[in-house]
J.: 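The structure's right below; bear with me while I get my questions together.
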Amino acid sequence: MKALNRREVVASLLERRGALLVVAGLGSAAWDCTAAGDHPLTFPLWGAMGSACMIGLGLALAQAQRRVLVVTGDGEMLMGLGSLATIGAQRPGNLVVVVLDNERYGETGMQKTHTAYGTDLAAVARACGFATARIIRRNAEVSDVRSGIYRGKGPLFFQVKVKADALPLVLPPRDGAHLKHRFREALLGAQ
Amino acid sequence: MSGKTSKTHPVEPSDWPAAIHSALKSQRVRQVSYVPDAGHKRLIELCHSDRGMTALPLTSEEEGIGLAAGAWLGGERSALLMQSSGVGNCVNALTLASNCGFPLLMLVTMRGETGERNPWQVPMGQATPEALRLAGVRTLRLERAEEASAVANTAAKIAFEEQRAVALLISQQLIGVKSFEEKR
């Protein structure tokens, strides 16, 4: 079976995104979200590895009426595994985590991550109390991820197995203060 | 949730955790995250029983830096409670504060100071003020219970009005010393 193309998966998840709030983990996940269209209500990370899910949790608790999506990579997720337990303890119904799992540290030379050695992130999320946690391998299942993001009762976790391609860089703005301001202004209005 | 209250009661001058809780309320802090410390026991309980707050345990202190950033993106204020050993866990995550200018209010109970009986608490405790300074976090000290309200309010204003990272270091002399002799 051929693994999925990460850019195509993210583009289909973020198409017609409506009021969705997005946090993108550093590296390829942020480039994928930017390739799908730079957006003020996407907060892409350039650092703070391991923090993406926790930023998503703080946002989901603050904005309980909005859907919140964290898109991140397997390496970034592995550095913040504890955050799955912290999310599991709170069980925010509006939070969805999508891990694009290429089993590689894609920005540093394609070294294998722990998922290549057998770590089952979806099983970890399930054990931490996520309502649903699945591994996604086929194109036909991407629509399930999409309906989970926009309508599912969270917290939901999807580990999407993707090809270990080195794709062209599509970079979001680097200025963290700008990224923060434009997100808050788009969500909360002029401060 | 039953047993929760949002009322504020007059605070005894010696009840510094209640004074800090009252300051957090008046500064509209809604998300309070923590890795517990015995010195934070009462403040954690007060935050859990406050229906205007979400108090949530973390597996490691740096999670609270991300949480506070996400809360701010969503229009809420967050505070992060830990003991000084946890400061070392936060260093890389603090790039969120320095790069993005996220407000951050850390309340740190100090170990490794006067009377410490566990030598393994000493290195990180002694390094805490300098580690925070190197990571770009301003520090304030709380030494005496009767100053808790003023100092906590000042720290919260630095965080949320000036939008800076600030740590309030709560003296071990104020908290008391863990003797390792108490019955369990």
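Here is how names work: the chains are called A, B, and so on, in the same order as the sequence lines, proteins then strands, and each is numbered from 1. Everything quoted here is computed from the prediction, not taken from an experiment.
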J.: Which one of B:E76, B:E63, B:Q163 has the most heavy-atom pairs closer than 4.5 Å to chain A?
T.: B:E63
J.: With respect to chain B, which residue among A:L188, A:I55, A:V68 yields the maximal number of heavy-atom pairs within a distance under 4.5 Å?
T.: A:I55
J.: When hydrophobic residues are tied together by side-chain contacts of less than 4.5 Å, even through go-betweens, does B:L140 share a cluster with B:L43?
T.: yes
J.: Do B:L46 and B:M106 sit in one hydrophobic cluster, given that two such residues count as connected whenever their side-chain heavy atoms are within less than 4.5 Å of each other, even indirectly?
T.: no
J.: Heavy-atom distance under 4.5 Å to chain B: side chain of A:L45, backbone, both or neither?
T.: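 The side chain, not the backbone.
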J.: Do any of residues 113-133 of chain A come closer than 4.5 Å to chain B, heavy atom to heavy atom, and if so which ones, in number order?
T.: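 Expected list: none.
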J.: So do B:L56 and A:L57 actually touch side chain to side chain, heavy atoms under 4.5 Å?
T.: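 Answer yes - side chains close enough.
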J.: Residue by residue, which of residues 147-175 of chain A have a heavy atom closer than 4.5 Å to a heavy atom belonging to chain B?
T.: none
J.: Suppose a student defines contact as a heavy atom less than 4.5 Å from any heavy atom of chain A. Which residues in residues 82-97 of chain B would they list?
T.: B:N92, B:A93, B:T95, B:L96
J.: Any chance you could measure B:C100, atom SG, to A:H178, atom NE2, to the nearest 0.5 Å?
T.: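 B:C100 SG to A:H178 NE2: 11.5 Å, rounded to 0.5 Å.
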J.: I'd like to know if B:V35 and B:V29 are part of one continuous hydrophobic network [Ile/Leu/Val/Met/Phe/Trp/Tyr, side-chain heavy atoms within less than 4.5 Å].
T.: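 Hydrophobic grouping puts B:V29 with B:V35.
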J.: Which residues from residues 82-108 of chain A are near chain B, with near meaning under 4.5 Å between non-hydrogen atoms?
T.: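 Near chain B, by residue number: A:G82, A:S83, A:A85, A:T86, A:Q90.
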J.: Which atom names give the shortest non-hydrogen contact between B:A71 and A:A62, and what distance separates them?
T.: O-CB, 3.9 Å
J.: Membership question, hydrophobic clusters at under 4.5 Å side-chain separation (ILVMFWY): are A:L81 and A:V71 in the same one?
T.: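 Each belongs to a different hydrophobic cluster.
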J.: Give the C-alpha distance, both sets of side-chain angles, the deciding distance and a yes or no for side chain to side chain contact (heavy atoms under 4.5 Å, CB included) between A:M54 and B:L58.
T.: CA-CA 10 Å; A:M54 287 306 301; B:L58 308 169; 4.0 Å; yes
J.: Which atom pair, heavy atoms only, marks the closest approach of B:Q31 to A:L61?
T.: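 Of all heavy-atom pairs spanning B:Q31 and A:L61, the closest is NE2-CB, 3.5 Å.
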J.: If two hydrophobic side chains count as joined below 4.5 Å and joins carry through other members, does B:V32 share a cluster with B:L80?
T.: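 Same cluster: B:V32 reaches B:L80 through Ile, Leu, Val, Met, Phe, Trp or Tyr contacts under 4.5 Å.
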J.: Using atom types as modelled and distance alone, determine if a side-chain donor or acceptor of A:K180 lies under 3.5 Å from a backbone N or O of B:G101.
T.: yes
J.: Applying the side-chain contact (heavy atoms from CB on, under 4.5 Å) test to B:L73, which of A:L41, A:L59, A:L179 qualifies?
T.: A:L59
J.: Would you please indicate yes or no on a ring centroid separation below 6.0 angstrom for A:F43 and B:F102?
T.: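 So the answer is yes for these two rings.
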